[in-house]
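Both backbone and side-chain heavy atoms feed into the values below; hydrogens, waters and symmetry mates do not.
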Amino acid sequence: MSDDLAARLREQGLRLTPQRELILRAVEELRHATPDEVLAHVRGQVSSVNASTVYRTLEVLEELGLVRHTHLSDRAPTYHSTTEHEHVHVVCRRCDAVRSYDPSLVEPLVAALERDGFKVDVGHLAIFGECTDCGSSEPPGTR
């Protein structure tokens, strides 16, 4: 990880800092995390990291293609490592559980949209609903 990170940073005239390395490692360990979750994880190891460092570093890491984000709620974006395979996010509105699915799940939709001239960013795709663990006769949002 750090060799790839160091090389990509050097290409952009930037240097590898301990904070950048910690933040990338946190995203990889957490798998799907908001900037605040990354901050909490990193602060468990180094208390001197602040929120603005996390936000700026996540932006740099995304520009370098090492992380990407999607919106899994109405809160802050959620980041994940690009070392993971491309996937579609499925989010339960009741328990906030996030599941990852292979893009083949949405192939017919992607193909139809591409035929109509629209290129889909599958890794940014989030589908919201209710997982079977939360399934009940109550309408969503009533708990």
Which distance, rounded to the nearest 0.5 Å, do you find between the [atom1] of [X] and the [atom2] of [Y]?
| X | Y | atom1 | atom2 | value |
| --- | --- | --- | --- | --- |
| Glu107 | Asp102 | CD | CG | 8.0 Å |
| Leu39 | Leu58 | CG | CG | 10.0 Å |
| Arg99 | Cys92 | CZ | SG | 8.0 Å |
| Glu62 | Thr82 | CD | OG1 | 10.0 Å |
| Thr57 | Leu64 | OG1 | CG | 10.5 Å |
| Cys131 | Asp96 | SG | CG | 10.0 Å |

Looking at every heavy atom in both [X] and [Y], which two are closest together, and how far apart are they?
| X | Y | result |
| --- | --- | --- |
| His87 | Ser100 | CD2-OG, 3.3 Å |
| Leu30 | Glu37 | CD1-O, 3.8 Å |
| Val122 | Pro103 | CG1-CB, 3.7 Å |
| Ala33 | Thr78 | N-CG2, 3.3 Å |
| Val54 | Ile23 | CA-CD1, 3.8 Å |
| Val38 | Ala26 | CG1-CB, 4.0 Å |

**Message:** Can you confirm if the aromatic rings of His124 and His89 lie within a centre distance of less than 6.0 Å?
**Reply:**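 Distance test on ring centres: not under 6.0 Å, no.
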
**Request:** Determine, stepwise, if the pair His80 / His69 fulfils ring-ring contact (aromatic ring centres under 6.0 Å, His included).
**Result:** CA-CA 6 Å; His80 61 276; His69 80 277; 9.0 Å; no

Are [X] and [Y] close enough that some pair of their side-chain heavy atoms sits under 4.5 Å apart?
| X | Y | value |
| --- | --- | --- |
| Lys119 | Leu113 | no |
| Val60 | Leu9 | yes |
| Thr83 | Glu28 | yes |

**Prompt:** Side chains of Asn50 and Ser52: is there a donor and an acceptor less than 3.5 Å apart?
**Reply:** yes

Determine, using the 4.5 Å side-chain heavy-atom cutoff (strictly less than), whether [X] and [Y] are members of one ILVMFWY cluster.
| X | Y | result |
| --- | --- | --- |
| Val49 | Tyr55 | no |
| Val88 | Phe128 | no |
| Leu72 | Tyr79 | no |
| Val106 | Val91 | no |

**Electrostatic pair Asp121:Arg68 at N-O distance under 4.0 angstrom** =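 Yes, Asp121 and Arg68 are salt-bridged.
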
**Message:** Check this for me, if you would: do Glu63 and Arg8 make a salt bridge, where the nitrogen-to-carboxylate-oxygen distance has to be below 4.0 angstrom?
**Reply:** no

**Prompt:** Passes side chain to side chain donor-acceptor pair (under 3.5 Å), Thr34 versus Asp36? Steps please.
**Reply:** CA-CA 5 Å; Thr34 64; Asp36 288 341; 5.3 Å; no

**Request:** For side chain to side chain contact (heavy atoms under 4.5 Å, CB included), just list the numbers for Glu130 and Arg93, CA-CA rounded to whole Å, side-chain angles, deciding distance to a tenth of an Å, and then say yes or no.
**Result:** CA-CA 6 Å; Glu130 185 177 291; Arg93 287 192 189 272; over 6 Å; no

**Asked** So among Leu24, Val42, Thr53, which one has a side-chain contact (heavy atoms from CB on, under 4.5 Å) with Gln19?
**Response**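 Exactly one pass, corresponding to Thr53.
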
